[in-house]
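Beneath this line is the structure, given in structure tokens, with notes to follow.
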Amino acid sequence: MRKLLFIPYLIWIVLFVVAPLGLMVGYSFFDISGNPTLENYGAFFSSEYFEMTLSSFWYAFLITLFSLLVSYPLALAIRQTKHKMFWLLLIILPTWINLLLKTYAFIGMFGKEGLVNAVAAAFGLGELQLLFSDVAFIIVSVYIFIPFMLLPIFNAVDGIDSNLLSAARDLGASKWDTLRRVLLPLSLPGIKTGIQVVFIPSLSLFMITRLITGNKVITLGTAIEQQFLTTENWGMGATIGVFLILAMMLVMTVTSGRSNKETGRVGRL
Amino acid sequence: MKTLGRSYMVVIFICLYLPIAYLIFYSLNSGGTMTSFDGFTLEHYQSVFTDSRLIVILLNTVAVALVSAGLATLIGIGGAIGLYNIRMKRLKQSLLSLNNVMIVSPDVIIGASLLILFTVLGISLGAFSVIMAHIAFSVPIVVLMILPKLQDMKSSYLDAARDLGASSFDVLWRVIIPHIKPGILAGFFMALTYSLDDFAVTFFVTGSGFSVLSVEIYAMARRGISLEINAISTLVFLVVLVIALGYYFITSRASVKRGGIT
Amino acid sequence: MTNINLQNINYQYGDTVILKNIEHTFEAGRFYTILGPSGCGKTTILKMIGGFIHPTDGKVSFDGRTMNGIDANRRKVNTVFQDYALFPHLNVYENIAFGLKVRRISKNEIRTKVEEALRFVNLADFRDRPIDALSGGQRQRVAIARAIVNEPDVLLLDEPLSALDQNLRVDMQYELKEIQKRLGITFIFVTHDQEEALALSDEILVMNNGEIVQAGPPKDIYDEPLNRYVAEFIGDSNIVRGVMVEDNLVSIYGRNYSCVDGGLKPNTSVDVMIRPEDLLITGHDKGKMNVTIDSSLFRGVHYEIGCIDQDGYEWIVHSTKDAEIGQKAALDFERVNIHVMVPGEDEDAFNERLESYQEDEV
């Protein structure tokens, strides 16, 4: 009886996890007209794709770094509040609003006569050309990723017994020492999860780059989307996909270790 | 230190909500731009509600979400219970890894690989393929929501039920399902939000005849500023707010109930 | 009424042998206790009778009917679990009604039976309470009511008192004994607490390492433990090595003492056990063994006094009177209080020997 209930799930695993990934790898060995080839892999290591991959990683690194720098102090600040759950809800709420709508808002704010330039003008700064720049791409991405970085970190710092911090102070540690020697090591699993859930999507999101930067920034995700839906060169798209999967596995291995169940991913992008 | 933390928090929260407020504010702008506010109007809402194409898309979105979340929940319940029952550690671990692959996979990968799958299987792209894709990415999160509930269920409950004469079905229906109900509910809600929130996967697997809200918004946004989008955003925000509050109260009530008198 | 027979039962889980050659008959209407340390296999026997597991080898039969392969839900046996396993999503009434409901019994009949069961365990006022609003003792009684409402022939109790505090435990011991008498059904009770076992049982099965070491009425087991293991597990004891000189004469540390044991070859080495409450402290040179008082601990009901004999061995004495530390004294005891145990002797040989010389005495 209970075994019967398991069957649909097993079918799901085979059909929607194993088969698609297998097909993806398989397709990477075919060219645009369906002949078996290794050319896609050759092309991927050409300078054009190699530079694109490097820049995609660079942007992902910057986005992850800034998200972390904003989120860690925020997590500590929320930890000290009385109504933690309320503040957390406030953080989560924007993630329930479609990513595209939020990105779209920035088109307005970053526009020539948008809010940002109005503020800049009020401070006597010249007009900033934000839209269609990579700075805008990073700002919007960080904005989108903050909640995803924050939640695992918050779960980690919230689980730390305050007595440990008191003990550190009692033993003569300064605030900075306490942060560096107690808080940071204890919240490391949360930070790792945070990096995991931000870095991989940063490599692969394509709608933000399309909407905010036009075609100026190309990430692995943008390239895959282009190969599949515009150029219709599925073989090449699949090849980039295979490398994205490899990158994902690499990041997972680096950041996994003893990962805390509670800090698991809460949303997806 | 505390006030520093407080003010930092407030600044970040303002930044988080500023874009949303910005969208809502300009949804009431009688001018056509998101830069200068010319005057108050509700005409953008009016045009959203009179745009029958948009209404159909909205209904599509909700239907896809409900159907896929419902089916994914059913599959996920069976999957979680099945995983829970597996004794062989290796097998269990590998199945769980496959489950997690789907969760950590970037949307482009899911979208592109499902596009290949549907093409290979000869499934035409449209409502069916979109629903299948949404089920595909919703199942693992349902499983992850239910599994901990199963794990903290004492195995003596199952023994007790058998001891009292319960058949396999009775055990499932009268003991296991009631016990994991909060997980099922949470899983269903998560699946619902995943589906409503998804853009990338749908973008890959939908055909020309079928669209959901996020894909439509993308198409509109690529064409430039349209205050109809602002109006839609406001409506979405309100709906999300209501659902979020509901979800918050359900879960916090559930946790109070569980952590109550001991 | 059901007699349960375990025939040559072996049970393995993976490579681990959990039960070895278990042979026992549980007669209807008696209170049995399976006693042993954790991991000795006592709960496994319970689970086997309950139908949660099936023997690797051997036969479980109820009144001669083989029960191997028949699952828990098809046996007229119910269990009170160690953690009670009360369903948290059901209230008191619904928990007790569970077994009747899954048997598709009519609502009216369920109500009558559940209410009767509630009265039986004195919980009539608690019928609509949620489980988490009950105290430990109340949960315990709900668990009992939930089991007996199904009118089982046998009730299995898996360390049901271990989660309760000391006072409540003693109360519940009385209550359990009382319930068993009123119902007249077989109780099989598993515990690692020897006091519980002695207080409750008609018969105790002492287990070790997957085997039944000794079975019998509490008094027999206390007075005539088969070996060092049983003696140490049940009650406190002084156990020393000795040599059987001849029938009714045993030598401890080179001194001979008259005893009532026999049936052994001369010069068999034996374990000699004397219970601390059978030792009496008397004046120096006035007893059978001179000692020096070494320690004294007040235990409430008695003093636990440690004495060192001339050879440096320690003897524990339970006495209602305190003794002064450092004082020279002597220990006295009756010959019937010397219990001779032969290491390696099994239960059958032991019983045979016991019968042989006890007949002689008569």
Side-chain angles (χ1 to χ4, degrees), chain B residues 77 80-81 84-93 145-188 250-262, chain C residues 13-14 43 46-47 49-53 70-91 94-105 129-136 139 142-143 145-152 154-160:
Chain B
I77 293 172
I81 293 174
Y84 171 74
N85 280 331
I86 293 178
R87 297 252 173 279
M88 281 181 291
K89 267 209 171 127
R90 274 269 180 76
L91 180 65
K92 191 176 193 163
Q93 211 48 53
M145 289 302 207
I146 295 176
L147 215 48
K149 298 277 173 238
L150 280 168
Q151 270 148 359
D152 68 31
M153 180 174 67
K154 288 189 253 177
S155 64
S156 60
Y157 291 150
L158 306 183
D159 279 348
R162 303 287 294 173
D163 184 68
L164 296 167
S167 64
S168 297
F169 177 79
D170 284 322
V171 174
L172 179 70
W173 187 247
R174 290 174 193 273
V175 180
I176 299 178
I177 299 283
H179 193 92
I180 61 176
K181 211 163 80 189
I184 295 176
L185 219 63
F188 178 75
I250 286 172
T251 51
S252 61
R253 207 185 55 189
S255 67
V256 164
K257 226 168 136 188
R258 257 177 285 119
I261 323 148
T262 48
Chain C
Y13 187 81
T43 300
L46 213 63
K47 285 192 163 175
I49 297 171
F52 302 107
I53 54 175
I70 295 184
D71 279 336
N73 53 341
R74 289 159 55 213
R75 294 190 182 194
K76 274 202 77 86
V77 170
N78 286 111
T79 308
V80 175
F81 291 85
Q82 180 168 16
D83 55 8
Y84 314 139
L86 298 173
F87 303 119
H89 61 286
L90 304 177
N91 66 20
E94 292 162 338
N95 258 288
I96 299 176
F98 188 96
L100 303 170
K101 226 181 238 170
V102 297
R103 291 209 176 84
R104 315 276 183 268
I105 288 169
R129 293 279 180 94
I131 294 305
D132 54 14
L134 300 181
S135 70
R139 286 180 201 201
V142 175
R146 185 177 72 173
I148 63 176
V149 78
N150 303 294
E151 295 163 13
V154 179
L155 189 67
L156 309 176
L157 302 103
D158 186 3
E159 307 213 22

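Note that the structure is a prediction, hence the values are computed from the model and not measured.
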Query - Distance-minimising heavy-atom pair for Phe98(C) and Ala166(B) - result: CE2-CB, 3.9 Å
Requested in this report: Let me know if Asn150(C) has heavy atoms under 4.5 Å from chain B in its side chain, its backbone, both or neither.
Outcome: side chain
**Report entry** Best-contacting candidate, Gln82(C), Arg146(C), Lys47(C), against chain B by heavy atom pairs under 4.5 angstrom
**Finding:** Arg146(C)
Query raised in the report: Between Asp170(B) and Arg104(C), is there a salt bridge with N-O shorter than 4.0 Å?
Result: yes
Query raised in the report: Should Lys181(B) and His89(C) count as side-chain neighbours, where that means a heavy-atom distance under 4.5 Å?
Result: no
Requested in this report: Indicate the atoms forming the closest heavy-atom contact of Leu164(B) with Phe87(C), along with that distance.
Outcome: CD1-CE1, 4.4 Å
Query raised in the report: With a 4.5 angstrom heavy-atom cut-off, which part of Asp158(C) approaches chain B: side chain, backbone, both or neither?
Result: neither
Query raised in the report: Given that the side chain runs from C-beta out, which part of Leu90(C) has a heavy atom under 4.5 Å from chain B: side chain, backbone, both or neither?
Result: neither
**Report entry** Contacting moiety of Val77(C), where chain B heavy atoms sit under 4.5 Å
**Finding:** backbone
Query - Contact origin within Arg74(C) toward chain B - heavy atom pairs under 4.5 Å - result: neither
Report summary line: Sequence neighbours excluded, the answer for side-chain hydrogen bond (donor to acceptor under 3.5 Å, both in side chains) partners of Ser155(B) is none
Requested in this report: Check ring pair (Phe, Tyr, Trp, His ring centres under 6.0 Å) between Tyr84(C) and all other residues, then give those that pass, not counting sequence neighbours.
Outcome: none
